[in-house]
J.: 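Below is the structure I would like to discuss, written out as C-alpha cells.
Just so it is clear, the values below take in all heavy atoms, side chains as well, and ignore hydrogens, waters and symmetry mates. Chain letters run A, B, ... following the sequence lines, proteins first and then strands; every chain starts at 1. Because the structure is predicted, anything quoted here is derived from the model rather than measured.
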There are 2 protein chains.
Amino acid sequence: MTIKDVARIAGVSVSTVSRVLNGKDRVNPETRRQVLEKVKELNYVPNNLAVSMVKKKTKIIAVVVPEILNPFYAAVVKGTEEIAKSRGYVTLILLTNDNEKEEKDYYDGILNKYVDGIILVGSHKNSEFYQSIEKPTILVDRYIENSGKDGVVIDNMGGTYQLTEHLIENGHTDIAIINGIMDFNDGRERFWGFKQAMSMHNIDVHEKYVKPGNWFEENGYQSTKELLQSDHPPSAILACNNLICIGAIKAIRDLDLKIGEDISLVGFDDHDLAQFNRPSVTVIDRPTYEMGTNAADMLIDQVEANTSKPLNPKKVNLSVNLKVRESVKNLNQSKHISSTK
Amino acid sequence: MTIKDVARIAGVSVSTVSRVLNGKDRVNPETRRQVLEKVKELNYVPNNLAVSMVKKKTKIIAVVVPEILNPFYAAVVKGTEEIAKSRGYVTLILLTNDNEKEEKDYYDGILNKYVDGIILVGSHKNSEFYQSIEKPTILVDRYIENSGKDGVVIDNMGGTYQLTEHLIENGHTDIAIINGIMDFNDGRERFWGFKQAMSMHNIDVHEKYVKPGNWFEENGYQSTKELLQSDHPPSAILACNNLICIGAIKAIRDLDLKIGEDISLVGFDDHDLAQFNRPSVTVIDRPTYEMGTNAADMLIDQVEANTSKPLNPKKVNLSVNLKVRESVKNLNQSKHISSTK
DNA sequence: TTGAAAGCGCTACCAA
DNA sequence: TTGGTAGCGCTTTCAA
C-alpha cells in the first residue's frame with residue numbers, strides 16, 4: 001500500500017494525495033474529503049523512510065549515556081524520551097560504558113545514520129571530538145568548553161558548597177572529601193565548591209582529608225575506611241556522588257560506627273539508601289529528569305530551526321537542592337541538628 | 001558527498017562503488033583498491049536512509065518498556081542494546097508508562113516507522129492486539145497466550161515455589177503472600193507457585209493471609225501493616241516483587257519489629273535494599289539482563305530470517321535463583337538459619 | 001486546483 | 001568485471 005495505490009484508487013494524482021496528507025498546499029475541499037476517505041479505508045500510512053529521504057529529517061534523536069542501570073542516567077533518558085515523544089520524535093538509545101572508543105565509533109557509524117540530533121553525556125575529554133560532530137548536539141551533565149555545543153548541567157560547585165557550609169554551620173572543621181576523577185567539570189567543580197566554602201570560612205583543608213579517586217562504590221568504601229582508621233580521623237565526610245556515598249555508609253557500618261554520632265556524612269546526589277538508612281543521610285538532590293527534558297527541548301528547537309552549530313553556545317545551569325536529614329551531628333551544642341525533610 | 005561523487009572522482013560507475021562497498025559481487029582488486037582509497041580520502045559514508053529504503057531493512061529494533069527507572073526494565077534495555085549493537089543494530093526506546101492507549105498509538109505511528117522488529121514488555125491483555133503487530137516481535141516478561149509471538153519469560157511459579165518451600169523447611173506454616181495484580185501471567189503464576197508449594201506440604205492457605213493488590217511499594221507497606229497488626233499475624237511474609245518487598249521492610253521497621261526474629265520475610269526479585277538491610281533479605285533473583293540479551297538475539301534471528309510470524313511460537317523460560325540470606329527464622333530449632341550468600 | 005515529472009541516494013538487475 | 005538504469009515511496013517544483 002503506497003501513495004500511488006491511494007492515488008489510483010481515489011482517482012487523483014500522487015501529488016494531490018501528498019498535498020492533502022501534508023495539508024500545506026490548498027486542495028479542493030471535496031477532493032480532500034474523498035482522498036481522506038480512501039486513506040482511512042485503505043488504512044494507509046506513509047512510509048517514513050521515503051519521507052525522511054526527501055525531507056532530510058528523520059524525527060529521531062539519539063541519547064548517548066554511559067550506563068542505563070545508574071538511575072541518574074535512566075532519569076535523563078526518561079526526560080528525553082518523554083519530551084521527544086510529545087514533540088513527535090522517537091529516541092534512539094546508545095550505551096557507551098564510558099568507553100571513548102565505543103563512543104567514537106558511534107559517530108562514524110550509527111549516529112550519522114538517521115538521527116536529527118544528539119543528547120550526549122560524553123566520555124571524551126577533548127573539545128575537538130565534539131567540534132567534529134555535525135549534527136545538533138546538547139551536552140548533558142559533563143560540559144566541555146570550546147566544544148561549540150550547548151549544554152545542560154547542574155550547579156556542581158554550589159552543591160558541594162552548600163554541603164560543606166552545612167557541615168561548617170554544625171561546627172565541623174575536620175572535613176574530609178571523597179571525590180571522583182577530576183577529568184571532567186563535575187569532579188573539578190565539586191572539589192572547588194568544597195574548597196571555596198572552606199576558604200570562605202577560613203578553615204584549612206588538610207591534605208590527608210582530600211581523597212580523589214573514582215566515582216565507584218569501592219572508592220567510597222576504601223577511602224572511608226582509611227579516613228576513619230587514621231590517627232586523626234575527620235569529624236565529617238563529604239561523599240561526592242551516590243556510589244561513593246553508599247560505599248561510605250557501608251564502611252561506617254562495617255566499622256561499627258554510627259552515622260550522625262561518631263561520624264557525620266553528607267553526599268552529592270540523592271539515592272534510595274540515603275533515604276532508607278537510619279539515620280537518613282543529608283544530600284544534595286539534583287534535577288536529573290529535568291536535565292533530560294531541558295536538553296530534549298533545546299535539541300529539538302535547534303533541529304527545527306536548522307541550527308546545527310549555535311553561534312553562541314550556551315550552558316544551562318540547573319540548580320540543586322539541599323535535603324537536610326539526620327546524618328550531621330551538631331558540634332556546636334553537641335547534639336543532633338533537627339531534621340527538616 | 002554521495003555515491004555519485006565518489007564514482008565520478010574515482011572514475012568508475014556508481015554500480016562499481018556500490019559493489020566494492022557491499023563486497024558481495026566480485027570486483028577487480030585494483031579497481032577495488034582505488035575506490036576504497038577515494039572513499040577514505042573523501043570520508044564518504046553511505047546514507048543509510050537510502051540503503052534502508054532499497055533494502056527494506058533499517059537495522060533498528062525497538063524496545064518497549066513501561067518504565068526505565070525500574071532497574072528491572074533498565075536491565076532488559078541494557079541487554080537488548082548490547083546484543084543489538086554487537087549485531088549491527090541500534091535500539092529505539094519507547095516508554096509506555098503501562099498505558100495501553102499510549103502503547104497502541106506507538107503501533108499505529110512510531111513502530112511501523114523504521115523498525116525491523118520489536119521487543120515488548122506489553123501492557124495489553126488481549127491477544128488480538130499482539131496478533132495485529134506485523135513486525136517480528138518478542139514478548140518479554142509478560143507473555144500472552146495465542147499472541148502468535150515468541151516470548152522470553154522467567155519461571156515465576158518456580159520462584160515463589162522455592163521461596164515458599166524455603167519458609168516451610170524452616171518450620172513456617174502461617175505464611176502470608178502479598179501479590180500484585182493478577183491480570184498477567186506474572187502475578188498469576190507467582191500466586192500458583194505459592195499455592196502449589198503449600199498444598200504439596202499439606203498446609204492450608206488462610207484467606208486472610210492472601211493479599212492481592214498492585215506491584216507498588218505502598219501496597220507492600222500497607223498490607224504488611226495490616227497483616228502484622230491483625231489478631232493472628234503470620235510468622236512469615238512472601239513479597240511478590242521488589243517494590244512490595246521494600247514496602248514490607250519499611251513497614252516492619254516502622255512497627256519496631258525485627259526481620260528474621262519477629263517476622264520472617266522473603267521476596268521475589270533482588271534489589272539493593274534486600275542486600276543492604278541488616279539482616280539481609282532472602283530473595284529470588286531473576287536474570288533480567290539475560291532476558292534482554294536472549295530476546296534481542298531471538299528477535300534479530302527472526303528479522304534476518306524474514307520470519308515475521310513464527311509458525312510455532314515458543315516461550316523461553318529462564319530459571320531463577322534463590323539467594324538465601326538472613327531474613328528467615330528457623331522455627332524448627334528456634335534460631336536463625338545460617339546464611340549462605 | 002491539479003497533474004507530470006524530477007529527484008532524494010542507493011541497490012540490483014540486465015547487458016555489454 | 002563493469003556500466004546503465006529502473007526503481008524504492010515520497011515531496012516539490014513547474015506547467016497546465
J.: Please report the C-alpha distance between B:Arg87 and B:Asp301 in whole Å, then the side-chain angles of each, then the deciding distance to 0.1 Å, and finally whether the salt bridge (Lys or Arg N to Asp or Glu O under 4.0 Å) criterion is met.
T.: CA-CA 10 Å; B:Arg87 295 183 67 169; B:Asp301 287 347; 2.9 Å; yes
J.: Nearest whole angstrom, please: distance from the P of D:dT13 to the CZ of A:Arg19.
T.: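 Computing the A:Arg19:CZ to D:dT13:P distance gives 11 Å.
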J.: Using whole Å, what does the distance between atom C1' of nucleotide D:dC10 and atom CE of A:Met1 come to?
T.: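 Computing the A:Met1:CE to D:dC10:C1' distance gives 15 Å.
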J.: Nearest whole angstrom, please: distance from the C1' of D:dC10 to the CG of B:Leu49.
T.: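 The distance from CG of B:Leu49 to C1' of D:dC10 comes to 12 Å, rounded to the nearest Å.
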J.: Looking at C:dG3, I'd like to know if its phosphate oxygens (OP1 or OP2) sit under 4.0 Å from a side-chain N or O belonging to A:Ser13.
T.: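 Result: yes.
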J.: Less than 4.0 angstrom from a charged side-chain N to a carboxylate O is my criterion; do A:Asp98 and A:Arg142 meet it?
T.: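 A:Arg142 and A:Asp98: salt-bridged.
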J.: Measure the distance from CG on A:Asn48 to C1' on C:dC8 and round it to the nearest whole Å.
T.: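 A:Asn48 atom CG is separated from C:dC8 atom C1' by 16 Å.
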J.: For A:Val12, which contact category applies under a 4.0 Å heavy-atom criterion: base, sugar-phosphate, or nothing?
T.: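 Here A:Val12 touches the backbone only, sparing every base.
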J.: Establish, from distance only, whether the side-chain atoms of A:Lys57 and A:Asn306 form a donor-acceptor pair under 3.5 Å.
T.: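 Their side chains do contain a donor-acceptor pair, which is all the 3.5 Å distance test asks for.
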J.: Give one of base, sugar-phosphate or nothing for B:Thr2, where a contact means two heavy atoms less than 4.0 Å apart.
T.: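 Sugar-phosphate, no base atom in range.
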J.: Judged by each residue's nearest nucleotide on DNA chain D, which is more toward the 5′ side, B:Ser15 or B:Ala50?
T.: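 The residue mapped nearer the 5' terminus is B:Ser15.
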J.: Would one find a side-chain N or O of A:Tyr44 under 4.0 angstrom from OP1 or OP2 of D:dC10?
T.: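 Checking D:dC10 against A:Tyr44, a side-chain N or O does come within under 4.0 Å of OP1 or OP2.
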J.: Atom CG of B:Asp5 and atom P of C:dC8: how far apart are they, to the nearest Å?
T.: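 So the CG-P distance, B:Asp5 to C:dC8, works out to 11 Å.
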J.: Calculate the interatomic distance between A:Arg8 atom CZ and C:dT2 atom C1'; express it in whole Å.
T.: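 Nearest whole value for this atom pair: 19 Å.
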J.: Within the structure, does a side-chain N or O atom of B:Asn22 lie under 4.0 Å from either OP1 or OP2 of C:dT11?
T.: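 Result: yes.
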J.: For B:Asn28 and B:Glu30, does a side-chain donor sit closer than 3.5 Å to a side-chain acceptor?
T.: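 On atom types as modelled, these side chains do not qualify, holding no pair under 3.5 Å.
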J.: Are B:Asn22 and B:Ser18 close enough, and set up right, to give a side-chain hydrogen bond (donor to acceptor under 3.5 Å, both in side chains), and what steps lead you there?
T.: CA-CA 6 Å; B:Asn22 290 293; B:Ser18 176; 3.3 Å; yes
J.: Parallel, tilted or perpendicular: which fits the ring planes of B:Tyr130 and B:His124, with parallel below 30° and perpendicular above 60°?
T.: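 Taking B:His124 first and then B:Tyr130, their aromatic rings stand perpendicular (interplane angle over 60°).
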J.: Distance check needed: C:dC8 C1' versus A:Asn47 CG, whole Å only.
T.: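 Distance check: A:Asn47 CG to C:dC8 C1' gives 13 Å.
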J.: Can you tell me if B:Lys56 touches the phosphate of C:dT11, counting only side-chain N or O atoms and a distance under 4.0 Å to OP1 or OP2?
T.: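 Negative; the distance criterion is not met.
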J.: From CD1 of A:Ile3 over to C1' of D:dT12, roughly how many Å is that when rounded to an integer?
T.: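 These atoms are roughly 12 Å apart.
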J.: Contact list please: residues 23-43 of chain B against DNA chain C, heavy atoms, distance less than 4.0 Å, in numerical order.
T.: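 Contacting residues: none.
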J.: Across the strands shown, which category fits A:Thr16 at heavy-atom distances under 4.0 angstrom: base, sugar-phosphate, nothing?
T.: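 Sugar-phosphate contact only.
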J.: Ignoring hydrogens and angles, state whether a donor on the side chain of A:Ser52 or B:Tyr114 is under 3.5 Å from an acceptor on the partner side chain.
T.: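 Yes.
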